[in-house]
Amino acid sequence: MKTSLNQIVIIKPDDWHLHLRDGEIMKAVLPSSYRWSRRAIVMPNLVPPVLTSKDACSYLTRIKACIEKTVDFDPLLTLYLTEETNAKDVVLAFREKIIKAVKFYPAGATTNSHNGVKKIKKIYPVLSAMSEEGIPLLIHGEVTDPSVDIFDREAVFIEKILAPIRLEYPDLNIVMEHITTKQSVDYILSENSRLAATITPHHLILNRNAIFEGGIRPHYYCLPVLKREVHRQALINVAIKGHKKFFLGTDSAPHLDKVKIDACGCAGIFNSPYALEILTQFFDNHNALENLEKFTSINGANFYKLPHNKEKISLIKSDKSFHMPEALETSEGPITLFNPKMQVFWQIVN
Ligand code: NCD
Ligand code: ZN
């Protein structure tokens, strides 16, 4: 990595948590990712979800068909864990290099998660096989019990679900996806190297006030929902230090504006288009540019035991902040981009 006052060159990042969707939307959003990232862990919560090695194979073919031949971008697929998931199929998909990990959604926790897990013990045989095979488990860590306050669901998940899983399968590699709380940061720091976490740009940059500023702001609604400032500070503290257990997962989750701006708008923030510029500015604002590369390009690869990317990417800081477009136009309608509500001076050099 090279940094000077107004230029930085880092290993090309990876996005360890991404929603690429399918069909026309996928075609429209994919370039926003491969513009700045070399690999991405692709979430399986399509409708219908990516349940089997066969589904993953077919999704991989569809993704690759949307990527121009000249572009180097590796989609790393995941399977959607259900109570019916077949352990042998998971192992086969992993050995054949069709998938890199398995995603666990508690049923009803987030967008397209109704096929997720209800009775945790039912997935234990699959977790056992994954542990033996070294297949990472990626977790959406929120309980779904409606009697638990939505802002407490992540903390309760650690105690009720995650800690027992870790006790039962101490060798299982686990990524807590898109963590949002101090409790998660503290728990991950207190555990061994088999447990790590992704952090999104929006949870680093905003707290929950953003959702209610002057009215209800659907484009700042995501799951897990933005939290109080004290939690944001805990995330910032580990991210800007480049702590090895924490790495970038944008959780870029595009939804057409027409389904977000609704009496029951769906959860998800579309941040992939300028994620790197925004993060660079954020690290700069915290005088932590020297740790940007660890967060975006090194820690995640190390956890997944993958080589660091050979490609580099360079950004320069200009005198003027740049103007981000408000939305990405698709054939099905616009998708509003994440607005970080801060000036961004860093730009990628092509
Ligand atoms: C994601 C989506 O839209 O698929 N939404 C979100 O708010 N993050 C699902 C998820 O990752 O929870
Ligand atoms: Zn997600």
Side-chain angles (χ1 to χ4, degrees), residues 11-22 26-27 29-46 49-69 71-81 85 89-105 112 126 129-130 133-140 172-178 194-200 245-254 271-272 275-276 295-311 313:
I11 296 171
K12 197 166 189 187
D14 299 305
D15 185 349
W16 300 104
H17 182 125
L18 175 66
H19 298 269
L20 277 179
R21 311 303 192 205
D22 212 343
M26 173 162 75
K27 265 189 216 155
V29 303
L30 245 173
S32 320
S33 283
Y34 60 61
R35 201 181 132 255
W36 61 271
S37 66
R38 177 65 182 79
R39 297 174 288 209
I41 286 278
V42 180
M43 289 296 124
N45 63 334
L46 306 179
V50 182
L51 296 175
T52 62
S53 55
K54 205 165 149 243
D55 296 341
C57 238
S58 132
Y59 188 33
L60 189 59
T61 310
R62 298 200 297 283
I63 299 172
K64 287 192 170 163
C66 292
I67 304 175
E68 290 158 42
K69 293 276 172 301
V71 172
D72 284 326
F73 178 74
D74 293 335
L76 310 174
L77 264 54
T78 55
L79 283 186
Y80 184 119
L81 184 58
T85 298
D89 187 54
V90 172
V91 171
L92 175 111
F94 185 73
R95 286 190 186 163
E96 302 271 314
K97 301 198 183 331
I98 302 164
I99 60 152
K100 255 277 138 343
V102 172
K103 179 69 191 273
F104 163 25
Y105 294 99
N112 304 334
V126 179
M130 286 169 59
E133 194 71 21
I135 307 173
L137 178 71
L138 315 185
I139 296 187
H140 183 112
L172 183 62
N173 291 320
I174 296 181
V175 183
M176 267 188 93
E177 298 292 328
H178 43 52
R194 298 227 178 259
L195 183 67
T198 55
I199 303 181
T200 78
K245 287 175 139 238
F246 301 88
F247 36 88
L248 170 64
T250 63
D251 194 19
S252 183
N271 64 14
S272 58
L276 184 58
F295 184 68
T296 59
S297 320
I298 292 178
N299 296 346
N302 288 352
F303 183 84
Y304 278 91
K305 297 191 178 61
L306 289 169
H308 300 166
N309 295 322
K310 289 195 192 74
E311 299 84 351
I313 195 162

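For the 3.5 Å distance criterion, the side chains of T250 and D15 qualify, holding a donor opposite an acceptor.
Checked by atom type and distance alone, the side chain of R38 never pairs as donor or acceptor with a backbone atom of E311 at under 3.5 Å. Put simply, the side chain of K27 never gets that close to the backbone of C66: no donor and acceptor are under 3.5 Å apart. Remark: side-chain polar atoms of D55 are paired, donor with acceptor, to backbone N or O of T52 under 3.5 angstrom. For the pair N45 (side chain) and N112 (backbone), a donor-acceptor distance under 3.5 Å is absent. Judged purely by atom type and a 3.5 angstrom limit, S252 has no side-chain atom pairing as donor or acceptor with the backbone of L18.
Atom-to-atom distance recorded for M130:CE and L81:CG is 7.0 Å, nearest 0.5 angstrom. Separation of atoms CG (L20) and CD1 (I67) is listed at 8.0 Å; rounding is to 0.5 Å. The CG atom of D74 sits 10.0 Å away from atom OG of S37, with the distance rounded to the nearest 0.5 Å. Atom OH in Y80 sits 9.5 Å away from atom OG1 in T85 (nearest 0.5 Å). The CZ atom of R35 lies 7.5 Å from the CD1 atom of I313; values are rounded to the nearest 0.5 Å. I199 CD1 to H17 NE2: the interatomic distance, rounded to the nearest 0.5 Å, is 13.5 Å.
Nearest heavy-atom pair across H19 and A253 is CD2-CB, 3.8 Å. Here the closest heavy-atom approach between residue I98 and residue S53 is recorded as CG2-O, 4.1 Å. The minimum heavy-atom distance linking A301 with P307 is given by the pair CB-O, 4.1 Å. Across all non-hydrogen atoms, the minimal contact from H140 to Y105 is CB-CD2, 3.9 Å. The shortest heavy-atom contact between V91 and A129 is CG2-CB, 4.2 Å. Considering every non-hydrogen atom in both Y304 and F247, the closest pair reads CE1-CE1, 4.3 Å.
Side chains of F73 and K12 form no contact here, defined as non-hydrogen atoms less than 4.5 Å apart. Between L77 and P44, the closest side-chain pair of non-hydrogen atoms is not below 4.5 Å. Two residues are said to be in side-chain contact when any heavy atoms from C-beta on lie closer than 4.5 Å; L79 and F94 fail this criterion. Side-chain contact between M26 and L46 is absent, with no heavy atoms from C-beta onward closer than 4.5 Å. Contact of the D251 side chain with the E177 side chain is not registered, since no non-hydrogen atoms from C-beta on lie closer than 4.5 Å. Counting heavy atoms from C-beta on, the side chains of V42 and I63 come closer than 4.5 Å. The closest side-chain heavy-atom distance from L76 to L306 is below 4.5 Å.
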Applying side chain to side chain contact (heavy atoms under 4.5 Å, CB included) to I135 and V90, what does each step give before you reach the verdict?
CA-CA 9 Å; I135 307 173; V90 172; 3.8 Å; yes
Should F303 and W16 be marked as a ring pair (Phe, Tyr, Trp, His ring centres under 6.0 Å) after you check the CA-CA gap, both sets of side-chain angles, and the distance that decides it?
CA-CA 11 Å; F303 183 84; W16 300 104; 9.1 Å; no
Given W36 and T296, is the side chain to side chain contact (heavy atoms under 4.5 Å, CB included) satisfied, shown in steps?
CA-CA 11 Å; W36 61 271; T296 59; over 6 Å; no
Start with the C-alpha gap between V50 and M43, add the side-chain angles, then the distance that decides, and say whether side chain to side chain contact (heavy atoms under 4.5 Å, CB included) holds.
CA-CA 9 Å; V50 182; M43 289 296 124; over 6 Å; no
So D72 and K310, side chain to side chain contact (heavy atoms under 4.5 Å, CB included) or not? Walk me through it.
CA-CA 11 Å; D72 284 326; K310 289 195 192 74; over 6 Å; no
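Only one option out of N309, I11, D14 pairs with I298 in a side chain to side chain contact (heavy atoms under 4.5 Å, CB included); it is I11.
Applying the salt bridge (Lys or Arg N to Asp or Glu O under 4.0 Å) test to every pair with at least one member in residues 95-104, sequence neighbours left out, gives these pairs: R95-E133.
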